[in-house]
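As C-alpha cells, the structure follows; a few thoughts come after it.
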Protein chains: 4
Amino acid sequence: MATVTDQPQRRAPRPRADAVRNRERIVAAAVELIVEHGTELPLDEVARRAGVGNATLYRNFKDRGELMRHVVLTVTDRISAHAEQGLAAVEADEADSFGALRTFVHAAADERIGALCPILHATFEHAHPDVVAARDRLTVAVEGLIARARATGQLRSDVGVGDLMVALSQLTRPLPGTGCMDFDRFVHRHLQLFLDGLMTPARSELPGEAATLEALRQE
Amino acid sequence: MATVTDQPQRRAPRPRADAVRNRERIVAAAVELIVEHGTELPLDEVARRAGVGNATLYRNFKDRGELMRHVVLTVTDRISAHAEQGLAAVEADEADSFGALRTFVHAAADERIGALCPILHATFEHAHPDVVAARDRLTVAVEGLIARARATGQLRSDVGVGDLMVALSQLTRPLPGTGCMDFDRFVHRHLQLFLDGLMTPARSELPGEAATLEALRQE
Amino acid sequence: MATVTDQPQRRAPRPRADAVRNRERIVAAAVELIVEHGTELPLDEVARRAGVGNATLYRNFKDRGELMRHVVLTVTDRISAHAEQGLAAVEADEADSFGALRTFVHAAADERIGALCPILHATFEHAHPDVVAARDRLTVAVEGLIARARATGQLRSDVGVGDLMVALSQLTRPLPGTGCMDFDRFVHRHLQLFLDGLMTPARSELPGEAATLEALRQE
Amino acid sequence: MATVTDQPQRRAPRPRADAVRNRERIVAAAVELIVEHGTELPLDEVARRAGVGNATLYRNFKDRGELMRHVVLTVTDRISAHAEQGLAAVEADEADSFGALRTFVHAAADERIGALCPILHATFEHAHPDVVAARDRLTVAVEGLIARARATGQLRSDVGVGDLMVALSQLTRPLPGTGCMDFDRFVHRHLQLFLDGLMTPARSELPGEAATLEALRQE
DNA sequence: AATGAATGAGTATTCATTCAT
DNA sequence: CATGAATGAATACTCATTCAT
C-alpha cells in the first residue's frame, strides 16, 4: 500500500548502501578499540579493523575529534534507548522502579558506557550541539528513572543523576590493553554493590554535592 | 689539611643526598601528572615538572615501565601504611571496624590510588617481584580490615578484597586532561555510596565471583 | 516515428554539448584557483569549484599535468590574441607602437598571465607540441610588437621578448592564499614602471643576455 | 683591555656551540630549498639537507610556521643590513643616491629576497612581533634610501617603498623545481629595467596608489 | 558518461630513548 | 653525575588517482 509512494523517492538514499555500511563499521571498530586500548588508539588501526583504507575513515570523519563524537553519540543513543525503555515499562506497568534502575545500569554497562570516557575529557567538545542534545536526552530519561525510584521510596534522595552516571562510567571504564573479557566478570558485581548503596535507607551521609553531567564540562 | 680526615666518614650517606631527592621528585611529579593527564603523558614533561633534565630521569629509571613501576610501588606502599594503621587501630582499640574500612578507603583516594591505573594496563609488569611484594603487603592489610569488618557483622560476606580494591581504583581513576579538582568533589560521594553497598544486610545478590588483585593480571 | 529520421543528423555536434561545457568550466575553475592559491591546489577543489564530480575532471584530463597544460594553453591563446590584435592595429593604423606594447602588457595581466606560473615549474612539459605551438604563436606576435616599437625608436634595443614575458609573468604571479584583489591594485603600477624602463633612451646597461621563452626550460 | 671583563661571562653561551651551528644550518638549508622548490617543501628534506634528524628541526622550530618565520627574519635582517649600509654610505659620502638604490636592489636579489614570498602569504604571521620589527627596520632603511634618491631628484616621486619591495620580491621570486642558476642570468636584467623605470623624468602616469609593506597584510 | 567513494603514498609532528658535553 | 641535544620510530592527516555504481 504505502510502497507505491515509496518507490519514486528511493533514488537519493540508495547509492550509498555500502558507504553507510562503511561508516557504521568504522564506528563499531572504534568502539571496540576504545574498549580494548583506550582513547589514544591509532586511527589507522580503526580503519584496518573496519576493513577500509585509512583515507576512507577521514572521508567520513574529518578528524579524530569527529570520530570520537560519533562514537559518543552512537553509544549514548543506545543507552538512552535503554533508559527510555525502562522508564516506559515503569510508567506503563507499575513495575518495580528500583529494579528498572538496576536493569538500566547493567544494560548501560553492556553497551560499553565506559567507552564514553572521552566525553569526560576536558578536550572533548562538550558544547557541540549533537553532544548536548544526546546528553540531554540521556539525562532526561535517567532522571525519569531516578524520579520514579525516588517516588516509590526505594532510592535515597541525596543522589543525583550525575552521581549515578559518573560512577557507572568509571566502574565500567575499560582497562587499556586487554580484551576486557576477564574484567567483565567483576564489573557487574561492582555495579550491584554500588546500586545497593543507592537504596533506602541511606547508610551514610554524602560529602560534597550531587553531580550533574553538565558539571563535568571542564574549565 | 685537617678536613682530609673527615672525608672517609662521609662515604655512605653523602654521595646520594641530592640523587635521592631527584628520584623522589621524579616519582612525585609522575604521580601528579598521571593524576592530571593519565598514564600516556610525555616523560619529558615529568622531568620538567620534577625540575631535572630528561636524561636524569632515564639515569634513575631505565624506561617508562620502570618509572611506572616505582610510581605504583610508592603509592601502594603509602596506601598499605594506611591500611595497616587502620588495622592496628581496630585490633588495639576495638574501634568501629567498618568505620576503619571507610576511613581507609577515603584515605586511599586522597593518596591518589587512582594513580595506580598503570597497574590496570595489560603491558604493566604485574609479575615483577617488587610489585608482587607490594601487592601482597596491601592485600594482607586490607584483608585484615575486611576480616574484622566481617567479624563484627557489618560487612557483607560475599565481597572480596579484589572487589573493594578494583572498584576503589576505578572510582578514583583520573580523567585525562582534567585538573582533577572538580572531579574530587564527586569521588568521595561515590566511594561513600559504594561503601554503603558493602554493608550488611546485603541488598542484592552478586553475579560472578569475588575478584582478587592477582586476577587483574590480564592474559 | 518521424523523429527517428532526425537522430542520425545529431551525431556530430550533440553528444558533446555539455561535455565541452564541463571541460571549459574545469579549466576556468583551475585558472581562478591558481590565481587565488597558487599551483599546488587540490584538484578536488577545482572539481568542486567547477561544479562537477572529481572523476569528471579526471575523465577530461588524465592527470594534474594535463590539466595544467590546458590551463597554460588556454591562457596563452587568449594572450596571443591580444598580442596579435595589437600588432594588427599597429601595422594597419600606424598607431603608437609603444602604446600598443603597453596596452598588450596590461591586457595580459588582466587575462591572468600570472596563471602561467605552472610554466615556470621545471616539471612542466615545456616540450609538449601544443605548448611549443602556443608559445611560438605568442612569441611571434610579441616579437612583432617589439619589432615595431623598436622600429619607431621608442623601445630600447637591448631587451628581448623573453625579458618582457618573464618579467611580466613574475610581476603578475599570484601570491598563494591571497584573494589577489588587493594585489591587483599594485600590479599595474609595477608593470607601468617596468614598461617605463623599457623606453628609450636606455638609462642603464643590462647585465647578462636577453632571455627567450625557450630558455625557461630548466635543466 | 676589554678582554679582562669578558672572560668570566663566557660560561653560559659555550655549551651550545654545535646546537647553534645546527640551527643555522637548518635555516640555511631552508632558504636553499625554498629557493629551489618553493615554500611547500618537505621539512624532512630540510632536515636531511642540513644533515640533522627531522626531530632536531622540530626541537629548534616548533612547526613549519616557526621555521618560516626564522627564514624570513634571517633574510630580512641581511637585506636590512645592506640597505642601512647603502644609506650610511650615501649620507656620509654624498655618493650617488640612485646608484645606492641600484646597489641595494641587486644585493637584495642576491640575498634571495625572493625567498621572502612567504611573508606575502595570507597565512603567514604578519603580526608576529619579530616580523613586525624586522619589517619596520627594513622599511625605515629603504625609505631612507628612497628619500635620498628623491631628494637628489633622481627618483620619481610617485613610487612608494612598497612598490619597490613588492616588485623586487616578485621579480626575484624563485622558480620552483629549478636550481635557479639559469634564472639568475635574467633577474638582474629585469631589476635593472625596473630601476630605470623608477628614474626621473617619469615616463608614464601610475594607476592606483603607492603600496606599503603593511598593506600586504591580508584580510 | 558522470558521479561519489575508496585507496595508498606522502608529509607534518610527537615522543621514548640515546649521545655528547 | 647531570644535562641539553639528537635521533628514529610512531601517528595523524592530505591528496592525486582509481573503482564501482
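Just so we're clear, the structure is a prediction, and the values are computed from it rather than from any experiment. Quick note: numbers below take in every heavy atom, side chains included, and nothing from hydrogens, waters or symmetry partners. Just so we're on the same page: letters track the sequence lines, and every chain starts at 1.
Remark: side-chain polar atoms of D:Arg64 are not paired, donor with acceptor, to backbone N or O of D:Leu43 under 3.5 angstrom. Side chain of A:Asp63 to backbone of A:Glu66: a donor-acceptor contact under 3.5 angstrom is found. For the pair B:His126 (side chain) and B:Phe124 (backbone), a donor-acceptor distance under 3.5 Å is present. Side chain of C:Arg112 to main chain of C:Val75: no donor-acceptor pair is present (N/O by atom type, distance under 3.5 Å, no hydrogens or angles). Counting only distance, with no hydrogens or angles, the side chain of B:Arg23 and the backbone of B:Asn60 share a donor-acceptor pair below 3.5 Å. For D:Thr74 (side chain) and D:His70 (main-chain N/O), a donor-acceptor pair under 3.5 Å exists by modelled atom type.
D:Ile26 places its CD1 atom 14 Å from the P atom of E:dA12, with the value rounded to the nearest Å. Separating the CG atom of A:Leu33 from the P atom of F:dA12 is a distance of 12 Å, rounded to the nearest angstrom. Atom OH in D:Tyr58 sits about 4 Å away from atom P in E:dT13, given to the nearest Å. Nucleotide F:dT18 holds its C1' atom 12 Å from the NZ atom of C:Lys62, rounded to whole Å. For A:Asn60 and F:dA12, the CG to C1' distance is 17 Å, given to the nearest whole Å. In this structure, D:Arg64 places its CZ atom 14 Å from C1' of F:dC13, rounding to the nearest Å. When the P atom of F:dA5 is taken as reference, atom CZ of D:Arg25 falls 16 Å away, rounded to whole Å. For the pair A:Asp18 CG and F:dC19 C1', the interatomic distance rounds to 11 Å; values are reported in whole Å.
Less than 4.0 Å separates DNA chain E from no heavy atom of any residue of residues 39-46 of chain C. Contacts with DNA chain F (heavy atom under 4.0 Å) in residues 48-57 of chain A: A:Asn54, A:Ala55, listed by number.
At the phosphate of F:dA6, neither OP1 nor OP2 sits under 4.0 Å from any side-chain N or O atom of D:Arg59.
Between the CG atom in C:Asn54 and the CD1 atom in C:Ile26 there is a gap of 10.0 Å [rounded to 0.5 Å]. Residue B:Leu67 holds its CG atom at 10.0 Å from CZ of B:Arg69, rounded to the nearest 0.5 Å.
As the counterpart of E:dA1, no nucleotide is assigned, since no Watson-Crick or G-U wobble pattern has both distances under 3.5 Å. Within the shown strands, E:dC19 is the pairing partner of F:dG4 under the Watson-Crick or G-U definition, both distances less than 3.5 Å. Searching all strands for a Watson-Crick or G-U wobble partner of F:dA10 with both distances below 3.5 Å returns E:dT13.
Contact of the D:Val27 side chain with the D:Glu24 side chain is not registered, since no non-hydrogen atoms from C-beta on lie closer than 4.5 Å.
Proximity note for D:Asn22 (side chain, C-beta onward) versus F:dC1, E:dA16, F:dA5: the nearest is F:dA5. The side chain of A:Asp63 approaches F:dC13 more closely than any other nucleotide in the set E:dA5, F:dA2, F:dC13.
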